[in-house]
Amino acid sequence: MNKMLAEFIGTFTLVFLGCGSAVLATVNPDLGPGLVGISLAFGLALIGMAYGIGAVSGCHINPAVSLGAMLAGRMESGEMIKYWVAQVAGAIIGALMLVLIMSGKIGGYDGGYGSNGWGEGYLGEYGLISAFIFEIVATFLFVVVILGSTGQGAATAIAGLGIGLMLVVIHIVGINVTGVSVNPARSIGPALFSGGTAMAQLWLFIVAPMIGGAAAGILFKTGMLDAEVAPDTDVKVDAKA
């Protein structure tokens, strides 16, 4: 239960702060955080949670990461499913908090809640194929960084920093393409409250990140990206000598 609670809080934080920054950007583009600010919000929220709950659950806060970890042999399938439930629940409650906050805005608010999308009328107006390719590739690279920086021989003490910065870069590149998901839970929460097109397009932000995460997990399972660990060089003295 400690792990489930940690994953719930972590995913809640990512959606509440990351998607919250995107909501503020739509309310007032001139005073909002802008593209770089939104990217930093997602990345810094992840860094904070990595150090806050990493020792408890590993800070997956992303079903695609948990899938990759399972396929890499780092967790059992039963535990992965429990992680998924906690992550999606955290994302939904995080999005709900944004809905409650924006409902109190003087003058009202009829915008979205940081949902992902593609096509005409959505940010850079990229097509389905562009969105699908971006989400697969970006999630693959993201999960490679996560599995690599937390594996044997890695400098795990600073893993959270590297993972968070990778998420920042992914957002800087991809916000205008899909709003950046690379995380099915992060997409599910806002889509439920945005409705309409966000719900109709949600399938892509579940399927594509899962494909990318799975590919990264399988790659690590093969051992092709295992770090070379220096052999034991301790000198053993023969007691009979």
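These values consider heavy atoms only, across backbone and side chains, with no hydrogens, waters or symmetry-generated copies.
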Between Lys82 and Glu7 (salt bridge meaning N to carboxylate O under 4.0 Å), is one present in this structure?
no
Shared ILVMFWY cluster between [X] and [Y], side chains joined below 4.5 angstrom?
X: Val15; Y: Ile92; result: no
X: Leu24; Y: Val180; result: no
X: Val145; Y: Leu161; result: yes
X: Val56; Y: Phe8; result: no
X: Tyr113; Y: Leu100; result: yes

Quick one: name the residues clustered hydrophobically with Tyr83, using the 4.5 Å side-chain heavy-atom rule over I, L, V, M, F, W, Y, and just say none if it's on its own.
Met4, Leu67, Met70, Leu71, Met75, Met80, Ile81, Trp84, Met210, Ile218
Using 0.5 Å steps for rounding, measure from the SG atom of Cys59 to the CD1 atom of Ile9.
11.0 Å
Nearest 0.5 Å please: distance from the OG1 atom of Thr11 over to the CG atom of Asn183.
7.0 Å
Test side chain to side chain contact (heavy atoms under 4.5 Å, CB included) applied to Asp226 - qualifying residues, sequence neighbours left out
none
Centre of Phe205's six-membered ring, under 6.0 Å away, within 45 degrees of the axis: is that where NZ or CZ of Arg186 sits?
no
In this structure, are over 12 heavy atoms from other groups packed under 6.0 Å from [X] atom [atom1]?
X: Ile129; atom1: CD1; value: no
X: Asn2; atom1: CG; value: no
X: Ile158; atom1: CD1; value: no

Test side-chain contact (heavy atoms from CB on, under 4.5 Å) on Leu167 and Val182; report intermediate values, then the result.
CA-CA 9 Å; Leu167 189 59; Val182 301; 4.0 Å; yes
Given the rule in the side-chain contact (heavy atoms from CB on, under 4.5 Å) test, do Ile170 and Phe142 qualify, once you have shown the distances and angles that lead to the verdict?
CA-CA 8 Å; Ile170 287 172; Phe142 185 47; 3.7 Å; yes
Nearest non-hydrogen partners of Ile172 and Ser39, listed with the distance
N-OG, 3.3 Å
Strictly by ring-ring contact (aromatic ring centres under 6.0 Å, His included), give each pair with a member in residues 11-38 just once, sequence neighbours left out.
Phe12-Phe16
Check the pair Glu125, Trp118 against side-chain contact (heavy atoms from CB on, under 4.5 Å), reporting the backbone distance first and the verdict last.
CA-CA 6 Å; Glu125 298 190 328; Trp118 75 83; over 6 Å; no
Without hydrogens or angle criteria, can the side chains of Thr178 and Asn116 be said to hold a donor-acceptor pair below 3.5 Å?
no
